[in-house]
Amino acid sequence: MGTTYLLSAEAVSDPYGVYAALREQGPVVWLPEHHAWMLTTYHEVQHAFRDARLASDRLTPLEQRLDPERRARLGQTFELLRGWMVFQDPPHHERMREPLRRAFTPRTVERLRPHVHEIVDELLSGIAERGEVDLVADYAFPLPAIVIAELLGVPVPDRERFRTWSAQLAAIVFGSSNRADQAEAAAEGSAQFADYFAWLIRKYTDEPADNLVSALIAVTHDDAARGGDGLTASELVGACTLLLFAGHETTAHLIGSGTLALLQHPAELAWLRDHLDLIGPAVEELLRYDGPTMVMPRAVGVEHERHGSLLQPGQSVFLCVAGANHDPAAFSDPDRLWLARPDAGKHLGFGYGIHYCLGAPLARLEGQIAIGALVQRFPQLALAREDVDRGASILGRGLRTLPVTVG
Ligand code: HEM
């Protein structure tokens, strides 16, 4: 194993081979390079998502590891991130998730369908005129950014600013906060992010409109009126920034990697063009085969033994979702892309248990419409180059660029 094992060139080009080799070592493996335990099998990962001894609050151990100066510098960033339910455990988690669950329902998402079609058609028309395009920059990234900003009620001219703030915050969320320059950037990004949404929340408190921020404010006021806890002002800001952060890059990666997988498997692509009514299950298989989620981190909350290993409080645990999705004990011939796979839907790409992705219906809607319309509109769609440009990250996987020819 190399010093940056899961970020080595080998692991980035063939993570599934690396996960398979780790699975051979057992369901629970210590990774010295990352000072973390890795859970390698489908059964173990699924079980761990429901295991209360593994905490989602990994901010506290991270904060404790920082030197005092950096901790002070990142104070506002941690405050913002503590408003993200994804870093919370019961009972706070349930209290924070419930208002969002009520405001952001599958029905809210279904109402977006015609509009998502319109945005997709417009983006595809822009592409159609050009011979070669970068499908990531011109299609996969703009679509979810437009959808989530419109859903939240973010005015059009303000959208561009989020890209920088999200990128700055990613340095902390993805765990590289000990680099001084990134800590500075994260501190700045979170301050601007929080200020912006505090302003937006004030605006929609005074003049409610038909958007998710207004719906969340209404749910919170409703809770307060009934004597319940509701969300605090900073939790409301947290909910909005989490939606923006969680809903963008992940969905873009689904569209980018999903399209690449289809272009690398022409027989499957031809099958899909003949069975576009089955785009739903096909997208589940794309999520399983090479989806955006690689590893979901947890922190050991309570000392316990797992398969003979002693896990101690504060230690990191990597739930290897992508390895679980390629476990032969769960999926037959797991490294094969098979769009008609009958049980692809049991993949763990959206997590499992109490933190199951709240945006899954929206991600599915966008992925299905975007990929379906793309392959239908461009029968000659082809890769412009064989080599692909991937970002290296332990937690997620996606393409930086995807040059294709459209006709
Ligand atoms: C293909 C796209 C997406 C993937 C692969 C994905 C994946 C995930 C995963 C694995 C989790 C579980 C986190 C954990 O257990 O710690 C999660 C949680 C979450 N996701 Fe997504 N997500 C996607 C799109 C979205 C979208 C579009 C939104 C919203 C607009 C969203 C909002 C959330 C939220 C709010 C949570 C936190 C839920 C909680 O902690 O209770 N996600 N997502």
Side-chain angles (χ1 to χ4, degrees), residues 39 45-46 48-51 54-59 81-101 103-106 108-109 112 116 140-141 143-152 154 162 166 173-174 211-213 216 235 238-258 283-284 286-299 316-322 324-325 347-371 393 395-398:
L39 308 186
V45 170
Q46 190 184 40
F49 269 122
R50 306 206 78 136
D51 188 337
L54 297 175
S56 282
D57 174 16
R58 50 243 188 230
L59 294 174
L81 297 180
R82 282 193 200 289
W84 288 17
M85 71 186 84
V86 72
F87 293 126
Q88 294 287 342
D89 295 296
H92 293 305
H93 171 260
E94 169 67 8
R95 188 180 60 75
M96 288 164 77
R97 182 169 165 121
E98 187 51 22
L100 200 57
R101 195 189 60 73
F104 186 39
T105 61
T108 321
V109 172
L112 294 171
V116 173
F141 262 81
L143 173 66
I146 297 170
V147 171
I148 191 71
E150 286 191 358
L151 184 68
L152 285 168
V154 171
F162 292 120
S166 286
V173 177
F174 296 131
N211 58 47
L212 189 51
V213 172
L216 257 180
E235 285 168 356
C240 296
T241 49
L242 172 61
L243 282 174
L244 204 107
F245 188 87
H248 184 200
E249 207 171 276
T250 45
T251 312
H253 287 333
L254 164 62
I255 299 168
S257 301
V283 164
E284 297 310 303
L286 293 171
L287 281 158
R288 183 201 71 81
Y289 176 76
D290 193 18
T293 315
M294 294 277 104
V295 159
M296 274 291 129
R298 294 288 188 267
S316 297
V317 183
F318 291 169
L319 278 54
C320 189
V321 165
N325 288 342
H347 69 77
L348 300 175
F350 287 121
Y352 189 74
I354 60 168
H355 288 278
Y356 183 80
C357 178
L358 209 65
L362 179 59
R364 289 185 162 122
L365 183 84
E366 292 184 61
Q368 291 167 14
I369 295 176
I371 294 174
S393 152
L395 304 191
R397 179 170 164 89

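Numbering of ligands and ligand atoms starts at 1, following listing order.
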* Asked: What pair of heavy atoms forms the shortest contact from Leu151 to Phe104, and how long is it?
  -> CD2-CE1, 3.5 Å

* **Residue-ligand contact Phe49/ligand 1, heavy atom below 4.0 Å** => yes

* To do: Do me a favour and list the nearest non-hydrogen protein atom to atom 28 (C) of ligand 1 with residue, atom name and distance?
  => Gly359 CA, 3.4 Å

* **Whether Thr241 side chain and Gly238 backbone form a donor-acceptor pair below 3.5 Å** => yes

* What residue and atom, counting heavy atoms only, is the protein's closest point to atom 27 (C) of ligand 1, and at what distance? -> Gly247 CA, 3.4 Å

* Kindly say whether Gly291 contributes a backbone atom to a donor-acceptor pair with the side chain of His253 at under 3.5 angstrom? => no

* Please work out which of Gly367, Pro361, Ala246 has its closest non-hydrogen atom nearest to atom 32 (C) of ligand 1. => Ala246

* Asked: What atoms of ligand 1 come closer than 4.0 angstrom to any heavy atom of Ile148?
  -> 30 (C)

* Structure fact -> In ligand 1, the atoms that come under 4.0 Å of a heavy atom of Gly349 are 5 (C), 7 (C), 10 (C)

* Would you call Thr251 and Val147 a side-chain contact if the rule is heavy atoms closer than 4.5 Å? -> no

* **Any donor-acceptor N or O pair under 3.5 Å, side chains His93, Ser56** => no

* Structure fact -> Nearest heavy-atom contact between Ala145 and His248 is CB-NE2, 3.5 Å

* Interatomic distance, Leu395 atom CG to Thr250 atom OG1 [nearest 0.5 angstrom] -> 12.5 Å

* To do: Just need the protein heavy atom nearest to atom 6 (C) of ligand 1, so name the residue and atom and give the distance.
  => Phe350 CD2, 3.7 Å

* Asked: In ligand 1, which numbered atoms sit nearer than 4.0 Å to a non-hydrogen atom of Ile354?
  -> 41 (O)

* To do: Return the option from Cys357, Gly291, Pro292 holding the heavy atom at the smallest distance from atom 43 (N) of ligand 1.
  => Cys357

* To do: Could you tell me the residue and atom name of the protein heavy atom closest to atom 36 (C) of ligand 1, and the distance to it rounded to 0.1 Å?
  => Leu358 N, 4.1 Å

* To do: Among all protein heavy atoms, pick out the one at the shortest distance from atom 23 (C) of ligand 1; state its residue, atom name and that distance to 0.1 Å.
  => Thr250 OG1, 3.5 Å

* Tell me which part of Met85 gets within contact of ligand 1: side chain, backbone, both or neither, using heavy atoms under 4.0 Å. => both

* **Mode of Leu242 contact toward ligand 1 - side chain, backbone, both, neither (heavy atoms, under 4.0 Å)** => side chain

* For ligand 1, find out whether one of its N or O atoms is nearer than 3.5 Å to an N or O atom of His355. => yes

* What part of Val86, side chain from CB on, backbone N/CA/C/O, both or neither, has a heavy atom under 4.0 Å from ligand 1? -> both

* **Spacing of Thr293 atom OG1 and Leu348 atom CG [to the nearest 0.5 Å]** => 9.5 Å

* Drop me the distance from Met296's CE to Leu54's CG, to the nearest 0.5 angstrom. => 14.0 Å

* **Any Glu366 heavy atom less than 4.0 Å to ligand 1** => no

* To do: Please indicate whether any nitrogen or oxygen in Arg97 is less than 3.5 Å from any nitrogen or oxygen in ligand 1.
  => yes

* Structure fact -> Atoms of ligand 1 under 4.0 Å from any heavy atom of Ala363, numbered from 1 in the order shown, are 1 (C), 2 (C), 24 (C)

* Please confirm whether the backbone N or O of Asp89 pairs with a side-chain atom of Asp57, one donor and one acceptor, at under 3.5 Å? => no

* To do: Considering the heavy atoms of Leu243, write down every atom of ligand 1 situated less than 4.0 Å from one of them.
  => 29 (C), 30 (C)

* **Heavy-atom donor-acceptor pair, Asn325 side chain to Tyr289 backbone, under 3.5 Å** => no

* Qualifying residue for side-chain hydrogen bond (donor to acceptor under 3.5 Å, both in side chains) with Glu235, from His92, Arg82, Gln88, Arg95 -> Arg95

* Structure fact -> If we number the atoms of ligand 1 from 1 as shown, the ones under 4.0 Å from a heavy atom of Met296 are 10 (C), 13 (C), 14 (C), 16 (O)

* To do: Hey, could you give me the CH2/CE distance between Trp84 and Met96, rounded to the nearest 0.5 Å?
  => 11.0 Å

* Any N or O of His93 that comes nearer than 3.5 Å to an N or O of ligand 1? -> yes

* Asked: Does any N/O atom on Arg298 come nearer than 3.5 Å to any N/O atom on ligand 1?
  -> yes

